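Just so we're on the same page: letters track the sequence lines, and every chain starts at 1. Since the structure is predicted, the reported quantities are computational estimates derived from the model, not experimental observations.
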There are 2 protein chains.
Amino acid sequence: MNRGKVTMSDVARLAGVSPMTVSNVINDRVPVSDSVRERVLAAIRESGYQVNAAARHLRSGRSGVIGLAVPQIGNAYFGMLATLVIEEAQRHGYHVAIEQTGALATGEVAAIAQSRRLQFDGLILSAVEIESLTPDRGNPIVLLGEQDLAGRFDRVTVPNEGGTAAATEHLIDQGCERIAVVTGGDLNRLTMFTRRYNGYRAALEDRGIKPDPRLRFAVDSLSWEGARATGRRIADADLGIDGVVVFSDTIAMGVMRGLRDRGVGVPDDMRVIGFDDVPESAVYIPSLSTVSPDHRWKAAKAVELVVARIADPELPPREFTAPFTVVRRESTA
Amino acid sequence: MNRGKVTMSDVARLAGVSPMTVSNVINDRVPVSDSVRERVLAAIRESGYQVNAAARHLRSGRSGVIGLAVPQIGNAYFGMLATLVIEEAQRHGYHVAIEQTGALATGEVAAIAQSRRLQFDGLILSAVEIESLTPDRGNPIVLLGEQDLAGRFDRVTVPNEGGTAAATEHLIDQGCERIAVVTGGDLNRLTMFTRRYNGYRAALEDRGIKPDPRLRFAVDSLSWEGARATGRRIADADLGIDGVVVFSDTIAMGVMRGLRDRGVGVPDDMRVIGFDDVPESAVYIPSLSTVSPDHRWKAAKAVELVVARIADPELPPREFTAPFTVVRRESTA
DNA sequence: TTGTATGCGTTATCAA
DNA sequence: TTGATAACGCATACAA
């Protein structure tokens with residue numbers, strides 16, 4: 001059992017064959033006779049041989065690594081997503097490297113550059129900020145979730161409008177009449193925030209309720225404290241609010257916390273619904289009703305898309321939207 | 001601006017120097033005259049050259065990647081940890097690749113093997129299960145947090161006994177007299193669970209309280225539902241419990257949820273304290289008191305240790321314990 | 001079915 | 001201070 005320094009030639013010598021035959025056995029490329037294969041495999045076991053990833057990479061041009069760029073890996077949603085993407089990639093024989101963008105356009109650009117520099121075979125990019133980007137044959141990118149980028153990329157998205165509309169309707173069905181909405185960012189750009197906000201508006205209008213701009217609350221998308229402060233503002237608003245649609249579970253929990261700071265009970269005084277269905281939502285107090293896209297489906301699709309694009313860079317871009325359900329829990333009871 | 005296919009030789013030709021000089025400029029190894037350096041840098045900019053990581057890796061034997069193996073990246077604690085490790089590694093010029101072990105001994109062994117296979121320069125291993133492991137000159141490993149492995153590895157640990165003891169004392173100071181403890185795993189082995197349990201016992205005895213074995217509740221360490229069920233069991237126990245020490249924040253939140261399921265109010269009916277101080281703890285309802293180790297310090301130390309060991313594999317193993325504070329929040333008010 | 005020759009892009013070593 | 005040469009370990013192309 002040598003450690004790490006065994007090369008293919010060593011194995012070949014041990015098995016009494018040429019290095020090329022060892023290579024063929026390992027990658028089972030061309031047919032190899034059973035007797036030779038056995039001998040080679042035995043030699044590999046005996047020597048403790050492991051392929052040198054660097055050499056294989058240099059020679060073949062493939063690293064076997066897919067990048068996954070997310071805003072923050074410490075965020076519950078992206079942590080869950082990463083777990084699923086890692087699992088799905090494994091099924092295709094790929095390893096996943098995680099990058100963090102900080103939800104900054106510069107960070108997203110940097111992740112793409114990094115993806116080239118580190119020679120990932122492909123990149124799954126959960127972009128929230130970047131607004132323009134040109135596909136590049138040498139750098140297969142699949143967008144996950146947020147930005148649109150004009151249909152020039154493969155993309156897996158969540159039902160932004162539909163999901164928020166369903167959430168809003170659920171609140172209406174529960175008897176809410178003054179429904180606030182918590183969004184983020186700039187509603188003049190077509191971001192995830194805008195889409196979800198549009199879903200909220202559409203549902204209201206659909207049910208004959210006139211949207212009231214005063215019921216719209218903006219929040220910094222990544223901070224717990226920002227969400228909490230927003231909850232307090234909603235509690236203090238004195239606008240007769242009896243329901244709140246929030247664009248993410250993490251933020252919704254922060255908002256509930258802020259409401260609680262002001263003595264507003266959920267769901268008794270105000271109902272709250274989120275978006276994402278992160279694991280924490282089921283055990284929060286109160287447990288959080290939410291829009292639940294099929295995360296496993298998303299991860300699987302995204303991996304499938306990069307793998308396909310790595311194999312054929314000329315494929316036309318494809319888009320998929322995940323199925324979803326509205327999960328009813330205590331926060332809207 | 002070529003894309004990706006520019007080699008060092010191309011740059012050399014463009015600058016009118018040898019490839020070796022380009023290499024020297026890039027890695028600023030030996031002294032290079034300013035005029036030549038300028039010409040080379042200009043050629044690099046002009047050509048859009050990027051070093052080929054695979055070739056560099058093959059030739060130098062360094063990948064520039066540190067592995068980070070954690071049980072689950074979707075877990076709040078490990079997500080936070082990963083963020084910090086990534087940031088700290090960046091300062092040393094390293095990239096981080098995340099592996100998941102599933103908190104299984106087999107997964108931990110696999111992560112170590114994977115670390116070799118993918119040729120990480122070093123590995124930060126957050127092991128919880130593995131019980132024996134031999135250091136290996138070719139595979140620098142730093143243990144983060146849990147397992148001890150007999151002082152043969154570099155290691156950064158959290159104040160397990162001290163932290164839990166302080167947590168327990170805090171409950172006593174708040175007037176608790178029947179303090180339950182939530183642990184996991186097998187207390188016959190010296191795991192993180194055992195250490196934290198020992199800290200709890202030590203604090204009780206220190207204050208003249210006789211530990212009652214009926215007040216010890218075991219839980220499956222990684223599932224929300226397991227934690228919730230444990231909370232219900234505690235509520236149903238009818239043992240006069242008025243305080244609970246839990247070995248992690250994530251589990252503590254699940255326990256509080258279980259208590260709530262049974263109508264037990266925190267902190268009014270029972271006080272609860274956790275361990276870790278994950279971001280969520282501050283916004284949970286009620287906000288969770290907890291033992292807060294200095295996470296940034298831990299991450300920085302762990303990275304520092306791998307980097308040092310990569311540079312000199314013969315260094316004697318070193319151990320460090322993070323400083324901590326007890327954060328008082330609503331759950332023990 | 002197996003083997004030989006060659007080169008991927010970089011850096012270590014040594015010479016100039 | 002700069003350059004020539006070789007080699008890292010593997011897989012492509014082709015020959016046997």
Is there a side-chain hydrogen bond (donor to acceptor under 3.5 Å, both in side chains) between T83(B) and Q100(A) once you walk through the steps? CA-CA 8 Å; T83(B) 297; Q100(A) 298 192 102; 3.3 Å; yes

Protein-nucleotide distance ([X], atom [atom1]; [N], atom [atom2]), rounded to Å:
X	N	atom1	atom2	answer
E38(A)	dT1(C)	CD	C1'	16 Å
L58(A)	dA7(D)	CG	P	17 Å
R37(B)	dT2(D)	CZ	C1'	13 Å
D28(B)	dT2(D)	CG	C1'	16 Å
Q50(B)	dT10(C)	CD	P	11 Å
R13(A)	dT4(C)	CZ	P	13 Å
H57(B)	dA12(C)	NE2	P	14 Å
D10(A)	dC8(D)	CG	P	11 Å

Flag if over 12 foreign heavy atoms under 6.0 Å of CZ, R189(B): yes

Inspect the surroundings of CZ in R91(A) and state if more than 12 heavy atoms from other residues, nucleotides or ligands are less than 6.0 Å away. no

Over all atoms of both residues, closest heavy-atom pair of M8(B) and S23(B): CE-CB, 2.8 Å

[N] phosphate, OP1 or OP2, under 4.0 Å from [X] side-chain N/O:
X	N	result
S18(A)	dG3(C)	yes
T21(A)	dT2(C)	no
S33(B)	dT2(D)	yes

Atom CZ of R117(B) and atom CD of Q50(A): how far apart are they, to the nearest 0.5 Å? 7.5 Å

For Q90(B) and H95(B), test the side chains for any donor-to-acceptor distance below 3.5 angstrom and give the result as yes or no. no

Protein-proximity profile, nucleotides 11-16 of chain D, B/S/- by nucleotide at the 4.0 Å heavy-atom cutoff, equals BBB---

Check whether any side-chain heavy atom of N24(B) lies under 4.5 Å from a side-chain heavy atom of M20(B), and answer yes or no. yes

